[in-house]
Peer 1: 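Before we start, here is the structure in question, set down as structure tokens.
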Amino acid sequence: QVQLVESGGGLVQAGGSLRLSCAASIRTFSSSAMGWFRQAPGKEREFVAAISWSGGRTYYPDSVKCRFTISRDNAKNTVYLQMNSLKPADTAVYYCAASKTSYGGSSSFEYDYWGQGTQVTISS
């Protein structure tokens, strides 16, 4: 059974940093693209970052580019999201997602498995 478990969320002040982790129990993790999405109250789920199977390609929307970094450790079946210079607008539940393909994109439809989410709250 596939499981994605996020951790690392919490409450930080604006300008601070957080590092999210996602531990994946997927046999094919090392060949799967991974992504992070977020959803704020009353808003649609939003793409945050994606990484290809090897880590060689990463994708970000303009809203987080240069502030967030996605990475992965295939030996540990874990993907990370380093978030710096956090803003109150970054407040949301953050979800980890796994794709059955090796190169994922910005659409949630490209991902097949989802974690339960971790809350990130940025105070002003």
Peer 1: Under a 4.0 Å threshold between the charged nitrogen and the carboxylate oxygen, would Lys65 count as salt-bridged to Asp62?
Peer 2: yes
Peer 1: Between Val12 and Ser17, what is the shortest heavy-atom contact and its length?
Peer 2: CG1-O, 4.0 Å
Peer 1: For Ala92 versus Ala40, what's the shortest heavy-atom pair and its separation?
Peer 2: CB-N, 3.8 Å
Peer 1: Would you mind listing every salt bridge (Lys or Arg N to Asp or Glu O under 4.0 Å) that reaches into residues 110-124, with sequence neighbours excluded?
Peer 2: none
Peer 1: Answer yes or no: is there a side-chain heavy-atom contact under 4.5 Å between Leu86 and Gln13?
Peer 2: no
Peer 1: For Ser31, does its backbone N or O pair with a side-chain atom of Ser102 as donor and acceptor, under 3.5 Å?
Peer 2: yes
Peer 1: Could you pull out the closest heavy-atom pair between Gly9 and Val120, with the gap in Å?
Peer 2: CA-CG2, 4.1 Å
Peer 1: Do you know the tightest heavy-atom contact between Gly104 and Ala33?
Peer 2: N-CB, 3.0 Å
Peer 1: Can you measure from CG (Asn77) to OG (Ser30) and round to the nearest 0.5 angstrom?
Peer 2: 7.5 Å
Peer 1: What's the shortest heavy-atom distance between Gln116 and Val5, and which atoms?
Peer 2: OE1-CA, 3.9 Å
Peer 1: Just wondering, do Leu4 and Ile26 contact through their side chains at under 4.5 Å, heavy atoms?
Peer 2: yes
Peer 1: Can you run down the ring-ring contact (aromatic ring centres under 6.0 Å, His included) pairs that involve residues 64-100, sequence neighbours left out, and say none if there aren't any?
Peer 2: none
Peer 1: Suppose the criterion is ring-ring contact (aromatic ring centres under 6.0 Å, His included): which pairs have a residue in residues 10-45, not counting sequence neighbours?
Peer 2: Phe37-Phe47, Phe37-Tyr111, Phe37-Trp114
Peer 1: Side-chain donor-acceptor contacts of residues 18-25 below 3.5 Å, not counting sequence neighbours, with atom names and distances?
Peer 2:
unit_1, atom_1, unit_2, atom_2, d
Ser25, OG, Gln3, N, 2.8
Ser25, OG, Gln3, O, 3.2

Peer 1: Sort and list the pairs that fulfil side chain to side chain donor-acceptor pair (under 3.5 Å) and have at least one residue in residues 43-61, not counting sequence neighbours.
Peer 2: Arg38-Glu46, Trp53-Tyr103
Peer 1: Using side-chain heavy atoms (C-beta onward) and a distance below 4.5 Å, is Val93 in contact with Thr118?
Peer 2: no
Peer 1: If you group Ile, Leu, Val, Met, Phe, Trp and Tyr by side-chain heavy-atom gaps below 4.5 Å, do Val2 and Val79 land in one group?
Peer 2: yes
Peer 1: Compare all side-chain heavy atoms of Asp90 with those of Arg67 and state whether any distance is below 4.5 angstrom.
Peer 2: yes
Peer 1: Between Gly105 and Ala50, what is the shortest heavy-atom contact and its length?
Peer 2: O-CB, 3.9 Å
Peer 1: Check side chain to side chain donor-acceptor pair (under 3.5 Å) between Asn74 and all other residues, then give those that pass, not counting sequence neighbours.
Peer 2: Arg72
